[in-house]
Amino acid sequence: QVQLVETVGGLVQPGGSLRLSCAASGSIFSINVMRWYRQAPGKERELVAAITFDGSTNYADSVKGRFTISRDNAKNTVYLQMNSLKTEDTAVYYCNADWIRLLAGNYEYDQWGQGTQVTVSS
């Protein structure tokens, strides 16, 4: 019923910038907390940033000051602006919604996007 679709990531040089977006589709009334995670090769998935419905944010220490999470509730979309990218930011990035209230009144829980590859390399 609900689908989260991320934009394609890409290859960027160290110090560069990239913006990811993740749009939720379906008969959506509202989305609670939206998060970005990432998983690098050989490592566990880690939380990058989170944003509540009313716009409160938090970030992993490794991305503070470089990444900005935002959302457009009218478009059911979350964004991740990534600046000053480093090679260690290379990973597959996933968006997540902890719960989504549908127009019918029911809920979908723990929804994930398909993941998008971000590679930072010269």
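Since the structure is predicted, the reported quantities are computational estimates derived from the model, not experimental observations. The analysis underlying the following values was restricted to heavy atoms, covering all of them including side chains, and did not include hydrogens, waters or symmetry mates.
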| request: Decide whether L47 and V92 are clustered together by the hydrophobic rule: side chain heavy atoms of Ile, Leu, Val, Met, Phe, Trp, Tyr closer than 4.5 Å, transitively. | output: yes

| task | Please report the closest heavy-atom contact between Q114 and L4, naming both atoms and the distance. | result | OE1-O, 3.5 Å

| field | CG on N32 to CG on D98, rounded to 0.5 Å | value | 4.0 Å

| task | Please examine the side chains of R38 and V63, heavy atoms only from C-beta on, and report whether any two atoms are closer than 4.5 Å. | result | yes

| request: Check whether any side-chain heavy atom of L102 lies under 4.5 Å from a side-chain heavy atom of Q1, and answer yes or no. | output: yes

| query | Measuring from Q39:CD to E46:CD, what's the distance to the nearest 0.5 Å? | reply | 9.5 Å

| query | Relative to the ring of Y93, is the ring of F67 parallel (under 30°), tilted (30 to 60°) or perpendicular (over 60°)? | reply | tilted

| Test side-chain contact (heavy atoms from CB on, under 4.5 Å) applied to D72 and Y79, step by step | CA-CA 8 Å; D72 184 334; Y79 306 95; 4.1 Å; yes

| Heavy-atom closest pair, residues N83 and S17 | OD1-OG, 2.9 Å

| query | Could you state the interatomic distance from CG (L80) to OG1 (T7), rounded to the nearest 0.5 Å? | reply | 9.5 Å

| Thinking salt bridges, do K86 and D89 make one under a 4.0 Å N-O criterion? | no

| query | Are V2 and V78 linked, directly or through other ILVMFWY residues, by side chains that come within less than 4.5 angstrom of each other? | reply | yes

| field | Backbone N/O of A97 and side chain of D110: donor-acceptor pair under 3.5 Å | value | no

| said: What I'd like to find out is whether the side chain of T90 reaches to under 4.5 Å of the side chain of Q117, using heavy atoms alone. | reply: yes

| said: Between W36 and Y59, is there shared hydrophobic-cluster membership here, with clusters defined by ILVMFWY side-chain heavy atoms closer than 4.5 Å? | reply: yes

| request: Working to the nearest 0.5 Å, report the span between OH of Y107 and CZ of F29. | output: 8.5 Å

| remark: Separation between CG (L85) and CZ (R66), nearest 0.5 Å, reads 6.5 Å

| So do M34 and C95 actually touch side chain to side chain, heavy atoms under 4.5 Å? | no

| said: Is it the case that over 12 heavy atoms from other parts of the model lie below 6.0 angstrom from the CD atom of E88? | reply: yes

| remark: CD1 (I100) and CD1 (I31) are apart, to the nearest 0.5 Å, by 4.5 Å

| Can you say whether the rings of W112 and Y94 are parallel (under 30°), tilted (30 to 60°) or perpendicular (over 60°)? | perpendicular

| said: Main chain of G115, side chain of E6: is a donor-acceptor contact present, judged purely on distance under 3.5 Å? | reply: yes

| field | Test item: T77 side-chain N/O and K75 main-chain N/O as donor-acceptor pair under 3.5 Å | value | yes

| Does R71 reach the main-chain N or O of V33 with its side chain, forming a donor-acceptor pair under 3.5 Å? | no

| task | Walk me through it: do S121 and L11 pass the test side-chain contact (heavy atoms from CB on, under 4.5 Å)? | result | CA-CA 7 Å; S121 175; L11 173 65; 4.1 Å; yes

| request: Verify, without hydrogens or angle tests, whether S30 (side chain) and R101 (backbone) share a donor-acceptor contact under 3.5 angstrom. | output: no

